[in-house]
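Heads up, the thing below is written out as structure tokens.
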Amino acid sequence: MSQSLQSYLVISSALFAIGVFGLLGRRNLVAVLISLELILNSASLNFLAFNKFSLPDKSLGQVFVIFIIALAAAEVCVALSLILLLYRKKDSINVEDAKELRG
Amino acid sequence: MIADIFFMGVALLTLLGALLAVSLKNVFYNALSLILSLFGVACLFIFLNSEFLAIIEIILYIGAIAIAIIFAIMLSSPMIQKKEEKPDVKKIARSFILAALFFWGLLQTLRRTVWPAANPEGDYSLGAIGKSLLSNQILPFETVSLVLLVAIIGALMLAEKKGTAR
């Protein structure tokens, strides 16, 4: 495996698949959030790989990754406060305990 | 040659960290493995000539996001779980099959697609990023600043304890 566009894409799709596995399989809300971070990282890795190997303007992909990181920070701060709120209400952060909105 | 070996090591480190981050049972260990995986991703960013983003990844992801997640774990779940969570084998098998199918589909797609190629040499400098952020990308830049402000205010409002407000 050498440094080519293909190998970066394989790494980032493996990261994405691991993230999807965690997102679907875990029941702890913080673990779900961790899997979400892995998925966002695979997206940034993809953007930078295409930035290097198939984009003439080398700053465009980096700018996009800056936006991804900023939005991930915002998402994490809101999600963590929601998790703390749920813990205070329910005394648990299991996804299956938060079922008020179940149809 | 040495760079290739190092690249493979970093890639394996990233994937190993990611696997541990989703598979270990203790959430605290999950967060620590997430830090390992994020460090690997930062090293891969250096391989992609984006040193600035590698630094940002370490400062923001490891220094802020991972630490915030660890804080939330400390606040919300005691280190010794009250009731042992028994693994739901059916659910794990289902999500594993779905993720494997997803991975297989992605691999097929990227094997068959012919990607456009460009010269990897170019201007990766911080100055070029700054010029791009403040000229062509000024609208998304300002929007992201607004989103961050709204997120901070929203998180403060949500996490506020009822009754302690004035």
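Numbers restart at 1 for each chain; the letters A, B, ... are given by sequence-line order, proteins then strands. Model, not experiment: these values are computed from the prediction.
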### Task
Mark yes or no for whether B:Ser50, through its side chain, and B:Leu48, through its backbone, hold a donor-acceptor pair below 3.5 Å.
yes

### Query
Is it the backbone or the side chain of B:Phe96 that comes under 4.5 Å from a heavy atom of chain A, or both, or neither?
both

### Summary
Okay, A:Leu15 and chain B: the region with an atom under 4.5 Å from a heavy atom over there is both

### Query
For A:Leu84, is it the side chain, the backbone, both or neither that has a heavy atom under 4.5 Å from a heavy atom of chain B?
side chain

### Task
Select one option (side chain, backbone, both, neither) describing which atoms of A:Ile66 are under 4.5 Å from chain B's heavy atoms.
both

### Which portion of A:Phe64 sits near chain B, non-hydrogen atoms under 4.5 angstrom
neither

### Query
Non-hydrogen atoms of chain B under 4.5 Å away: do they reach the side chain of A:Ile18, the backbone, both or neither?
both

## Note on the structure
Most contact-rich option vs chain A, by heavy-atom pairs under 4.5 angstrom, among B:Ile152, B:Ile65, B:Val147, is B:Ile65

### Point-to-point distance, once rounded to the nearest 0.5 Å, from CD1 of A:Ile69 to CD1 of B:Ile59
10.5 Å

### Query
Is a side-chain N or O of A:Ser54 found less than 3.5 angstrom from the main chain of B:Ala118, in a donor-acceptor match?
no

### Query
At a heavy-atom separation under 4.5 Å, does A:Leu45 approach chain B through its side chain, its backbone, both, or neither?
both

### Query
So which of A:Val20, A:Ile34, A:Val78 has the biggest tally of heavy-atom pairs under 4.5 Å with chain B?
A:Ile34

### Message
Please identify, among B:Ile97, B:Leu19, B:Ile5, the residue contributing the most non-hydrogen atom pairs under 4.5 Å to chain A.
### Response
B:Leu19

### Message
Under 4.5 Å from any heavy atom of chain B, what part of A:Ala72 do you find: side chain, backbone, both or neither?
### Response
both

### Option in B:Asn30, B:Thr143, B:Leu53, B:Leu60 with maximal non-hydrogen atom pairs under 4.5 Å from chain A
B:Leu53

### Message
Taking side chain as everything from C-beta outward and backbone as N, CA, C, O, which of these in B:Ile92 sits under 4.5 Å from a heavy atom of chain A? Side chain, backbone, both or neither.
### Response
both

#### Entry: Option passing side-chain contact (heavy atoms from CB on, under 4.5 Å) with B:Tyr61 (candidates B:Ile67, B:Leu38, B:Val41)
B:Leu38

### Task
Report yes or no: does B:Ser132 contribute a side-chain atom to a donor-acceptor pair with the main-chain N or O of B:Ala128 at less than 3.5 Å?
no

